[in-house]
Colleague: 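Could you have a look at this structure, given as C-alpha cells, before my questions?
In the text below, chain A, chain B and the rest are named by the order of the sequence lines, each starting its count at 1. Computed from a predicted structure; not experimentally measured.
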Amino acid sequence: MLVATFNINSINARLDFTLDFLAAWKPDLVCLQELKLDNATFPRLAFEAAGYRAVTHGQMQWNGVAVLGKLETLAGSEMELVQAGLPGQDAAGARLVTARALGLTITSVYVPNGKQVTHPDFRMKLAWLDALAEHFEKTLDPRTPAIVGGDFNLVPEDIDSYAPAAHAGHIFHTDAERERWKRILGTGLVDLFREKEPTTQAFSWWDYRAGAFHKKYGLRIDFLLGTRSVLERTERVVIDREFRKKRSNRIPSDHAPVIAEIR
DNA sequence: ATGTCCACTAGGAGTGGA
C-alpha cells in the first residue's frame, strides 16, 4: 500500500498536476493540503473519474485539506469523516481533516506558516501546534495504526534545511517550533522518512522565488507520521522531487509529494 | 535574500498570503 502527502497549492491551478501524480504513483491514500477552495467547489467528479474518493475540509481562497482514498483499494468499504477542523482553532482556517479508511485513521494537516517570528501569526502558529498536540493526546491511540500527513511548516533538525546556520532562530527553524514538533511526536508518532533514512538530506519544499529549486535551497517541511505499528510495516519513504519540476509546461506546486510504501 | 505563484476583487492592476 502507498500512502502520500502533497501540498498542491490550489486544486484549481493544479488539478491536472494532481491527477498526473495519482496516475503515476497510484497511491492508495493521499493527504492533500492547500486546496484553496471550499467543499462545494471541490472537483469531486474529476477525482471520482480518476478513481478516488475524497473527504475534504475546505474554505474559500486559502488553506483547505483533504484525504483521498483509491476506490479500487476501498473496494466498496467506507471512508468516513472523523474530524473536520482542529478543535478550538477554527479562526486559523481549515487545516485539519481526519478520515477512517482501510482499518486505519489518517489525518491531513496544514500548519499555519507564521510569517516571521516577530509577526502575530507566529504566536498563532505555536498555539495551533499546541492544540494539535493536545488533540492527538486526547484522540490518538498509539497502539493502533494511525497516519498523519501534512505540511508542518517547520524544520525538525538542521539536516532538514539547506542553510540551518543562516536561518537559526528564524521562521521554520526556531526552538519554539521544534519543541512543539517533539511534543506532537510524543503523542505516539514517528517521522517515517527520518526513521527509514536517518542520515539522508532530502527536501520537500523550495521557494518559487530566486531560483531556489535549481540552487537546491530547500527545506523538509512535509511529513508522513505514523504510529509504531505503521513504522513496523513501512518498507520505504521517498520524496519525489520530479513533481517539483514543470510538466508539459504546467507550473508545479512549490512542494514535492512524500510517499511511503507500507505492507 | 527574494529573480514567483495564487486567489480575490473587479472588470485592470493592486493586495495579501505563502
Colleague: Both A/G114 and A/G211 contact DNA chain B. Taking the nearest nucleotide for each, which residue is further toward the 5' end?
Modeller: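 Checking each residue's closest nucleotide, the 5'-ward one belongs to A/G211.
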Colleague: Please report, rounded to the nearest Å, how far the C1' atom of B/dG17 is from the CE atom of A/M124.
Modeller: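 Result: 11 Å.
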Colleague: Check whether any side-chain heavy atom of A/L224 sits under 4.5 Å from a side-chain heavy atom of A/V230, and report yes or no.
Modeller: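 The answer is no, as the side chains (C-beta and beyond) never meet within the 4.5 Å cut-off.
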Colleague: What integer distance in Å separates A/W62:CH2 from B/dA7:P?
Modeller: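 These atoms are roughly 13 Å apart.
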Colleague: To the side chain of A/R209, which of B/dA7, B/dT4, B/dC5 is closest?
Modeller: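 Looking only at heavy atoms from C-beta outward on A/R209, the closest nucleotide is B/dT4.
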Colleague: Verify whether one side chain among A/S161 and A/H173 offers a donor that lies under 3.5 Å from an acceptor in the other.
Modeller: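 Their side chains do contain a donor-acceptor pair, which is all the 3.5 Å distance test asks for.
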Colleague: Is any N or O donor-acceptor pair between the side chain of A/K215 and the base of B/dG3 shorter than 3.5 Å?
Modeller: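 Result: at least one qualifying N/O pair found.
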Colleague: Check whether A/E34 reaches the backbone of A/N9 with its side chain - one donor and one acceptor, N or O, closer than 3.5 Å.
Modeller: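 The answer is no, because no donor-acceptor pair under 3.5 Å joins these two groups.
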Colleague: Choosing from B/dA18, B/dA1, B/dC6, which nucleotide comes nearest the side chain of A/Y162?
Modeller: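 Looking only at heavy atoms from C-beta outward on A/Y162, the closest nucleotide is B/dA1.
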Colleague: Taking the nucleotide of DNA chain B with the nearest heavy atom to each, does A/A13 or A/D121 sit closer to the 5' end?
Modeller: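 That would be A/A13.
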Colleague: Separation of A/N63 atom CG from B/dC8 atom C1', in whole Å?
Modeller: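 Taking CG of A/N63 and C1' of B/dC8, I get 14 Å after rounding.
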Colleague: Between B/dT2 and B/dG17, how far apart are the C1' atoms? Round to whole Å, please.
Modeller: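 That atom pair is separated by 15 Å.
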Colleague: Would you confirm whether the ring centroid of A/W181 sits within less than 6.0 angstrom of the ring centroid of A/F223?
Modeller: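 Ring centres of A/W181 and A/F223 closer than 6.0 Å.
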Colleague: Using atom C1' in both nucleotides, what's the gap between B/dA7 and B/dG12 to the nearest angstrom?
Modeller: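 Between the two C1' atoms, the distance is 15 Å.
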Colleague: In whole Å, what is the span from the CD1 atom of A/I221 to the P atom of B/dA18?
Modeller: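 To the nearest whole Å, that distance equals 12 Å.
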Colleague: Check every atom of B/dA1, B/dA18, B/dC6 against the side chain of A/H167 and return the nucleotide holding the closest atom.
Modeller: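 For the A/H167 side chain, the nearest candidate turns out to be B/dA1.
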Colleague: Output yes when at least one side-chain N/O atom of A/R14 is less than 4.0 Å from OP1 or OP2 of B/dC5, else no.
Modeller: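 Answer no for this pair, as no side-chain N or O of A/R14 is under 4.0 Å from OP1 or OP2.
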Colleague: A/H170 NE2 to B/dT2 P: how many Å, rounded?
Modeller: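 Nearest whole value for this atom pair: 14 Å.
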Colleague: Among B/dT4, B/dC6, B/dA18, which is the nearest nucleotide to the side chain of A/Y208?
Modeller: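 The listed nucleotide nearest to A/Y208's side chain is B/dT4.
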Colleague: Measure from the side-chain heavy atoms of A/A210 and tell me the nearest of B/dC6, B/dA7, B/dG3.
Modeller: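 Of the options given, the side chain of A/A210 lies nearest B/dG3.
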Colleague: Could you tell me whether A/F213 contacts a base, only the sugar-phosphate backbone, or nothing, with contacts defined as non-hydrogen atoms closer than 4.0 Å?
Modeller: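 Touches nothing.
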Colleague: Indicate yes or no: at least one non-hydrogen side-chain atom of A/Q89 is less than 4.5 angstrom from one of A/H135.
Modeller: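 The answer is no; the side chains never approach within 4.5 Å.
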Colleague: With heavy atoms under 4.0 Å as the rule, sort A/D254 into base, sugar-phosphate or nothing.
Modeller: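 If one applies the 4.0 Å heavy-atom cut-off, A/D254 turns out to touch nothing in the nucleic acid.
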Colleague: Nearest to the side chain of A/I251, heavy atoms from C-beta on, is which of B/dC8, B/dC5, B/dA18?
Modeller: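 Among B/dC8, B/dC5, B/dA18, the one nearest the side chain of A/I251 is B/dC5.
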